[in-house]
Amino acid sequence: MKSAETELTVPFHDVDALGVVWHGRYVKYLEIVRCQLLESFQYGYEDMLASGYAWPVVDLRIQYAKPLRYGQRIRLKATLAEWEYRLKIKYLITDAASGLRLSKGYTVQAAVDLNTEQMCYETPPVLWQKLGLARP
């Protein structure tokens, strides 16, 4: 399975008056590590557009186990879980120092043909090529 990891320090502008990360900011953190994952197999957003497909997020789930706090160093991990018919990426956010799980989740993205603006019901050949896999 392909995966990517990165670390960041929670910035002040992401927290509320209690110093806790606002729940909506988690989506930004997932996007940061998702971009790294996609770029690891040369299929980042610019590559997607050049290939004639967009991959909008059609489903998103986040489970909050412990709060993220201002100044905390966190590790973000994204793992490609499914690539037939859709892209499903699983996420894990942990405390960088202790390894304690803080949050987990997933996103589902569906391919859309940019010429027809229609959702694809099978994985476009370009994704199989980028993953280095034979199409079933």
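Along the sequence shown, residues carry numbers from 1. Scope of the values below: all heavy atoms of this structure, side chains included, with no hydrogens, waters or symmetry mates.
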message: Please determine whether the number of non-hydrogen atoms from other residues, nucleotides or ligands lying under 6.0 Å from atom OH of Tyr45 exceeds 12.
response: yes
task: Measure the spacing between CG of Asp95 and CD of Glu7 and express it to the nearest 0.5 Å.
output: 9.5 Å
query: Do Lys88 and Val108 touch side chain to side chain, with heavy atoms closer than 4.5 Å?
result: yes
Below 3.5 Å, can you tabulate the donor-acceptor pairs from side chains in residues 126-136 to any protein atom, sequence neighbours excluded?
unit_1: Lys130; atom_1: NZ; unit_2: Gln42; atom_2: O; d: 3.1
unit_1: Arg135; atom_1: NH2; unit_2: Glu122; atom_2: OE2; d: 2.5

field: Test ring-ring contact (aromatic ring centres under 6.0 Å, His included) applied to Tyr106 - qualifying residues, sequence neighbours left out
entry: none
- line: In this structure, NE2 of His23 is separated from CG of Asp16 (nearest 0.5 Å) by 11.0 Å
message: In the structure I gave you, are the side-chain heavy atoms of Glu31 and Cys35 within less than 4.5 Å of one another anywhere?
response: yes
- prompt: Do Leu68 and Arg25 pass the side chain to side chain contact (heavy atoms under 4.5 Å, CB included) test, and can you show the C-alpha distance, the side-chain angles, and the key distance before you say yes or no?
  reply: CA-CA 10 Å; Leu68 306 181; Arg25 293 289 190 216; over 6 Å; no
message: Quick check for you: to the nearest 0.5 Å, what is the distance between Glu82 atom CD and Lys90 atom NZ?
response: 7.5 Å
statement: Between Gln63 and Ser103 the two heavy atoms that sit nearest each other are O-OG, 2.9 Å
- prompt: Taking it one step at a time, do Lys2 and Leu37 satisfy side chain to side chain contact (heavy atoms under 4.5 Å, CB included)?
  reply: CA-CA 7 Å; Lys2 297 200 179 287; Leu37 173 63; 4.1 Å; yes
field: Shortest non-hydrogen contact from Arg101 toward Lys66
entry: O-CG, 4.0 Å
query: Roughly how far apart are Asp113 CG and Tyr53 OH, rounded to 0.5 Å?
result: 5.0 Å
query: With respect to Tyr26, which candidate in Ile93, Leu60, Asp14 satisfies the side chain to side chain contact (heavy atoms under 4.5 Å, CB included) definition?
result: Ile93
message: For a side chain to side chain contact (heavy atoms under 4.5 Å, CB included) check, start with the C-alpha distance between Val33 and Ile89, then their side-chain angles and the critical distance, and finish with the verdict.
response: CA-CA 10 Å; Val33 72; Ile89 300 173; over 6 Å; no
Trp55 side, atom CH2; Arg34 side, atom CZ - distance, nearest 0.5 Å: 13.0 Å
message: Determine whether Val15 and Arg69 satisfy the following criterion, side chain to side chain contact (heavy atoms under 4.5 Å, CB included), listing intermediate values before the conclusion.
response: CA-CA 7 Å; Val15 300; Arg69 299 190 180 277; over 6 Å; no
- prompt: Just wondering, are more than 12 heavy atoms of other shown residues or ligands nearer than 6.0 Å to NZ in Lys104?
  reply: no
- prompt: For Thr123 and Arg86, which heavy atoms make the closest approach, and how far apart are they?
  reply: OG1-N, 4.1 Å
query: Are Tyr85 and Tyr121 in one and the same hydrophobic cluster, where Ile, Leu, Val, Met, Phe, Trp and Tyr link if side-chain heavy atoms are under 4.5 Å apart?
result: no
field: Heavy atoms from other residues, nucleotides or ligands near CZ of Arg61 exceed 12 (cutoff 6.0 Å)
entry: no
- prompt: Should Tyr29 and Phe12 be counted in the same cluster of Ile, Leu, Val, Met, Phe, Trp and Tyr side chains packed under 4.5 Å apart?
  reply: yes
message: Count I, L, V, M, F, W, Y as connected when their side-chain heavy atoms are under 4.5 Å apart, and connections chain through other members. Are Met119 and Trp83 then in the same cluster?
response: no
message: Is there a continuous path of hydrophobic side-chain contacts, each under 4.5 Å between heavy atoms, that joins Tyr91 to Val27?
response: yes
field: Shared hydrophobic cluster, Ile32 / Leu38 (ILVMFWY, side-chain heavy atoms < 4.5 Å)
entry: yes
field: Heavy-atom closest pair, residues Glu117 and Val112
entry: C-CG1, 3.9 Å
message: Quick check for you: to the nearest 0.5 Å, what is the distance between Leu76 atom CG and Leu102 atom CG?
response: 10.0 Å
- request: Could you tell me whether a side-chain N or O of Thr107 sits under 3.5 Å from a main-chain N or O of Val57, the two making a donor and an acceptor?
  value: no
CZ/Phe41: more than 12 non-hydrogen atoms of other groups inside 6.0 Å: yes
